[in-house]
Trainee: 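Here it is, the structure, as structure tokens.
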Amino acid sequence: MTENGEKKQSKSMGRSRRNALREARVMVLEALFSREYGEGTHLSPKEVFPAKDDLDPKSREFRDRLLMGIQENQPVLDSLIADTASGWTIDRMAKVERNILRIGTYEILHEETIPFRVSIDEALEMAHQYCEPEAIPFINGILHRIGMEHSAEKAMAPVPQREDPGS
């Protein structure tokens, strides 16, 4: 394979990895949203997610860790979100919005390898897809503030540069 061909393959694999992680986040969002109607029951990844899916093993591991971590840390996450969202309680927020905020907050605080900006961008992508337009700046502001106040080192770290798509 040529050097150029190897770069194209590498970029393609990178994009599919990002898409797989996005799909994992959406799966967690759907599970958390449906849990809202199940009287707060604790969800197990084996109960919620299909035994066979298109996710690679690392994305599956990320998805399961995200679901379990959010549930285990939910009281702290909810308190932090509510404290940051001046004038809002967690119960007043729309179900989708509060679950996107839980995902983003958990990632910012607990997923060391995911850059701060990526966590926010991914939350905003879900917000664009599932929320009303006015929710987008609301989610962005809360996640940005949480990152700056509770994970400043991560928030201020430079974002790793991707390869130039034109090369």
Side-chain angles (χ1 to χ4, degrees), residues 17-50 53-132 135-160:
R17 175 79 174 131
R18 283 191 299 271
N19 288 340
L21 292 177
R22 180 168 291 155
E23 184 178 341
R25 286 180 183 95
V26 169
M27 293 173 82
V28 170
L29 177 62
E30 290 170 351
L32 293 171
F33 183 80
S34 66
R35 183 186 67 156
E36 297 264 356
Y37 294 100
E39 299 181 26
T41 59
H42 190 81
L43 303 174
S44 156
K46 289 182 182 184
E47 297 169 340
V48 177
F49 303 123
D53 56 37
D54 293 338
L55 294 178
D56 61 274
K58 286 186 178 186
S59 298
R60 252 187 239 119
E61 180 184 312
F62 169 72
R63 176 200 64 198
D64 295 352
R65 185 174 65 244
L66 195 59
L67 178 66
M68 298 306 293
I70 290 167
Q71 292 181 111
E72 290 166 8
N73 293 283
Q74 187 172 324
V76 172
L77 297 173
D78 286 358
S79 176
L80 186 57
I81 292 165
D83 289 349
T84 305
S86 307
W88 286 84
T89 62
I90 201 81
D91 294 334
R92 276 190 59 214
M93 295 175 193
K95 289 175 175 59
V96 174
E97 292 164 18
R98 72 175 160 235
N99 284 302
I100 290 172
L101 285 165
R102 287 170 178 153
I103 292 168
T105 301
Y106 180 83
E107 277 190 34
I108 289 168
L109 299 178
H110 298 284
E111 289 293 326
E112 299 287 325
T113 61
I114 299 175
F116 170 71
R117 190 73 239 164
V118 171
S119 295
I120 292 179
D121 288 348
E122 290 297 324
L124 295 178
E125 282 295 320
M126 287 188 289
H128 278 286
Q129 190 170 1
Y130 297 105
C131 300
E132 296 295 323
I136 296 163
F138 178 74
I139 290 169
N140 184 39
I142 291 172
L143 292 178
H144 184 79
R145 189 166 161 209
I146 286 171
M148 296 304 286
E149 292 178 5
H150 299 279
S151 188
E153 186 175 308
K154 184 177 179 181
M156 300 306 286
V159 178

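No hydrogens, no waters, no symmetry mates; every other heavy atom, side chains included, goes into these values.
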Trainee: Rounded to the nearest 0.5 Å, what separates atom OG1 in Thr89 from atom CZ in Arg98?
Mentor: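 So the OG1 of Thr89 and the CZ of Arg98 are separated by 8.5 Å.
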Trainee: Is a salt bridge present between Arg102 and Glu36, judged by a nitrogen-to-oxygen distance below 4.0 Å?
Mentor: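 So Arg102 pairs with Glu36 through a salt bridge.
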Trainee: Counting C-beta onward and ignoring hydrogens, is there a side-chain heavy-atom pair between Ile114 and Glu122 closer than 4.5 Å?
Mentor: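 They are not in side-chain contact.
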Trainee: Output, in order, the C-alpha distance, side-chain angles, deciding distance and verdict of side-chain contact (heavy atoms from CB on, under 4.5 Å) for Thr84 and Thr105.
Mentor: CA-CA 11 Å; Thr84 305; Thr105 301; over 6 Å; no
Trainee: Working to the nearest 0.5 Å, report the span between OH of Tyr130 and CZ of Phe33.
Mentor: 11.0 Å
Trainee: Please find the pair of heavy atoms, one from Ala85 and one from Ile142, that lie closest to each other, and give the distance.
Mentor: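 Distance-wise, the nearest heavy atoms are CB-CD1, 3.5 Å.
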Trainee: Roughly how far apart are Ile108 CD1 and Ile146 CD1, rounded to 0.5 Å?
Mentor: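 Nearest 0.5 Å value for the CD1-CD1 distance: 6.5 Å.
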Trainee: State, to 0.1 Å, how close Leu29 and Asn99 come at their nearest heavy-atom pair, and which atoms those are.
Mentor: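 It is CD1-CB, 3.6 Å.
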Trainee: Using the ring of Phe49 (Phe, Tyr or Trp, six-membered ring only), decide whether Arg60 places NZ or CZ under 6.0 Å from its centre and within 45 degrees of its axis.
Mentor: no
Trainee: Kindly give the heavy-atom pair with the smallest separation between Asn73 and Gly69, and that separation in Å.
Mentor: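 Closest approach of Asn73 to Gly69: ND2-O, 2.8 Å.
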Trainee: Nearest 0.5 Å, what's the CZ-CG distance between Arg145 and Asn140?
Mentor: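 So the gap between those two atoms works out to 13.5 Å.
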Trainee: Locate the shortest heavy-atom distance separating Ser59 from Leu21; write the atom from each residue and the value.
Mentor: OG-CD2, 3.9 Å
Trainee: Under a 4.0 Å threshold between the charged nitrogen and the carboxylate oxygen, would Arg25 count as salt-bridged to Glu107?
Mentor: yes
Trainee: Please report the interatomic distance CD(Glu97) to CD1(Ile139), rounded to the nearest 0.5 Å.
Mentor: 5.0 Å
Trainee: Please indicate whether His110 has more than 12 foreign heavy atoms, meaning atoms of other residues, nucleotides or ligands, lying under 6.0 Å from its NE2.
Mentor: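 For His110, atom NE2 is crowded (more than 12 foreign heavy atoms under 6.0 Å).
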Trainee: Where do Ala31 and Ser34 come nearest, in terms of heavy atoms and distance?
Mentor: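 Nearest pair, atom of Ala31 first, then Ser34: O-OG, 2.9 Å.
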Trainee: Restricting to non-hydrogen atoms, name the atom on Arg65 and the atom on Tyr106 that form the minimum distance, rounded to 0.1 Å.
Mentor: O-OH, 4.1 Å
Trainee: Take Val76 and Leu109 through the test side-chain contact (heavy atoms from CB on, under 4.5 Å) and record every step on the way to the result.
Mentor: CA-CA 11 Å; Val76 172; Leu109 299 178; 5.9 Å; no
Trainee: Atom NE2 of His150 and atom CG of Asp83: how far apart are they, to the nearest 0.5 Å?
Mentor: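 Between His150 NE2 and Asp83 CG, I get 7.5 Å after rounding to 0.5 Å.
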Trainee: Looking at side-chain heavy atoms only, is the closest gap between Glu23 and Asp53 below 4.5 Å?
Mentor: no
